[in-house]
Protein chains: 2
Amino acid sequence: MGRTSDTKENLINSAIELIGTRSYNAVGVQELCEHAGVKKGSFYHFFPSKRDLTLEALDLIWKKFKEETLDPVFNSDASTLDKFETLLRMSYEHQSSRKDCTGCMTGCGFGNLALELSTQDEGIRKKIEVIFCEWTKYLEMVIIQAVKEGVFPPKTDPAATSLAMVAYIEGMILLGKTFNDPYMLKRLGEGVLQLCISRTDTAEAYSVG
Amino acid sequence: MGRTSDTKENLINSAIELIGTRSYNAVGVQELCEHAGVKKGSFYHFFPSKRDLTLEALDLIWKKFKEETLDPVFNSDASTLDKFETLLRMSYEHQSSRKDCTGCMTGCGFGNLALELSTQDEGIRKKIEVIFCEWTKYLEMVIIQAVKEGVFPPKTDPAATSLAMVAYIEGMILLGKTFNDPYMLKRLGEGVLQLCISRTDTAEAYSVG
DNA sequence: CTTATAGTTGACCAGTTGGTAAAATACTAA
DNA sequence: TTAGTATTTTACCAACTGGTCAACTATAAG
């Protein structure tokens, strides 16, 4: 019943585009509306506030990241190492193309919003926390399997290792954005593999600690 | 000649406090002035813009970070591993106390501003890039020495390793802020050491790659 | 003690912020 | 065809944004 439209989707996509390349507080409702070709009244017909738009935008980029990156990579029949390498290569390519068309390496939409808003908006912080947890689970499952297959040493702690990998990836992207240089991801990418070696093995190998 | 005052210092400290716990765009000139007990006219007597205040605030927190943390830790006669452990412990303690008094883990002032402003303000981005480079140099020197002493394997690449460590530390803090849990730094801290092992050694040890 | 200078004040500005409310319009389903 | 509903539009709001300016005041140095 009643009329239908794609205004809501347009607004969400505009939020992903604009907030993604600048920041939450640097983009106003007005600009969001202009970019989406929509009047402000329509905005508030679909969203109670800019914050709620952002929450839905986070849902969408997480869904897309799963569908376009995590699922294809981790459901493939490639080797464990190839999976990590593919994930890193896709991140590099994504950031590179962002820089080509905006002039800037825009970084990770989750990390960006997390650092900007975690202390100010508990709902957004919590949503990104959950996203990082789910992302970690993808990695954890691969690590568990790699240990079973003997690719990773038996003492590997999959939960700790996967969390460390997400931290390291976010840190890589943070440095890449700071240097405005996607090549930073190439330089740092190999470090991800080092986090796969369990702490105790590291200690034994070189008697550190 | 003329009158003296500590208004400028007060404004810089207010910026560190307010922008540090919220974000650049979430804090206005007015609030900065109120917090510093200063009228807006005085603000613009000392700073051409909020952006310029922020640039000076970055200088100060970097200076303090060096004086209070990097210099004492890395000029001590502790072992290499102890130095890293001390650095991590101090980060944990700092973030913990921030959470105790503000309710939030506020994260790294450099990382926060880098992600919020890198795509929007080239001057601020560049300043943080330089800071990360200098920070990396501190770590690099320690790593070079550790290789000499045989604590780290000879194939270690000090430049690559130190950069990876900064990335990992920033990623740890990012996750900690997202989870609003300083304990994340404890959980992830040990991973820093794994980045000290050179890629090739990792590959040899477990035939990965 | 004077004078030049550094610092302070308050009034002001145009533009923007996020958000509201009601009337007008277009469309869908019965 | 119609009735009801979803969407769109317009006009509006108070509060706040970063920033300006000229007048005023305190003080350090000669």
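Chain identifiers are assigned alphabetically (A, B, ...) following the order of the sequence lines, protein sequences preceding nucleic acid strands; residue numbering begins at 1 within each chain.
- Under the 3.5 Å distance criterion, the side-chain polar atoms of B/Thr106 are left unmatched by any main-chain donor or acceptor of B/Gly20.
- Contact annotation: B/Lys39 does not reach the phosphate of C/dT8 (side-chain N/O to OP1 or OP2, under 4.0 Å).
- In terms of modelled atom types and a separation under 3.5 Å, the side chain of B/Tyr138 and the main chain of B/Lys66 share no donor-acceptor contact.
- A/Thr4 has no side-chain polar atom (N or O) that falls below the 4.0 Å cut-off from OP1 or OP2 of D/dT7.
- Taking the side chain of A/His45 as heavy atoms from C-beta on, and the options C/dG18, C/dA6, D/dA6, the nearest nucleotide is D/dA6.
- Across all strands, A/Phe46 comes closer than 4.0 Å only to sugar-phosphate atoms, never to a base (heavy-atom distances).
- Atom pair B/Phe47:CZ and C/dG7:C1' shows a separation of 13 Å (rounding to whole Å applied).
- Put simply, the side chain of A/Glu116 gets close to the backbone of A/Asn25: a donor and an acceptor are under 3.5 Å apart.
- Residue B/Arg3 places its side chain closer to D/dT25 than to any other of D/dA6, D/dT10, D/dT25.
- Mapping B/Arg51 and A/Gly37 onto DNA chain D by nearest heavy atom places A/Gly37 closer to the 5' end of the strand.
- Here the side chain of A/Thr119 pairs a donor or acceptor atom with the backbone of B/Thr21 at under 3.5 angstrom.
- What separates CD of B/Gln30 from P of C/dC12 is a distance of 16 Å, to the nearest Å.
- Atom P of nucleotide D/dT17 and atom CZ of B/Phe43 are separated by 12 Å, given to the nearest angstrom.
- With rounding to whole Å, A/Asn25 atom CG is found 15 Å from D/dG18 atom C1'.
- Residue order along DNA chain D, read from the 5' end via each residue's closest nucleotide, puts A/Val38 first among A/Val38 and B/Ser42.
- Taking 3.5 Å as the limit, the base of C/dG18 and the side chain of A/Lys40 contain a donor-acceptor pair of atoms between them.
- A close approach under 4.0 Å does occur between a side-chain nitrogen or oxygen of A/Tyr44 and OP1 or OP2 of C/dG19.
- Put simply, the side chain of A/Lys50 and the base of C/dG19 share no donor and acceptor less than 3.5 Å apart.
- A donor-acceptor contact closer than 3.5 angstrom links the side chains of B/Ser49 and B/Asp52.
- A/Ser5 comes within contact range of the sugar-phosphate backbone alone, with a heavy-atom separation under 4.0 Å but no base atom that close.
- In this structure, B/Gly28 reaches the sugar-phosphate backbone alone: every heavy-atom distance under 4.0 Å involves primed, P, OP1 or OP2 atoms, never a base.
- B/Ile19 has its CD1 atom 13 Å from the C1' atom of D/dG18, to the nearest Å.
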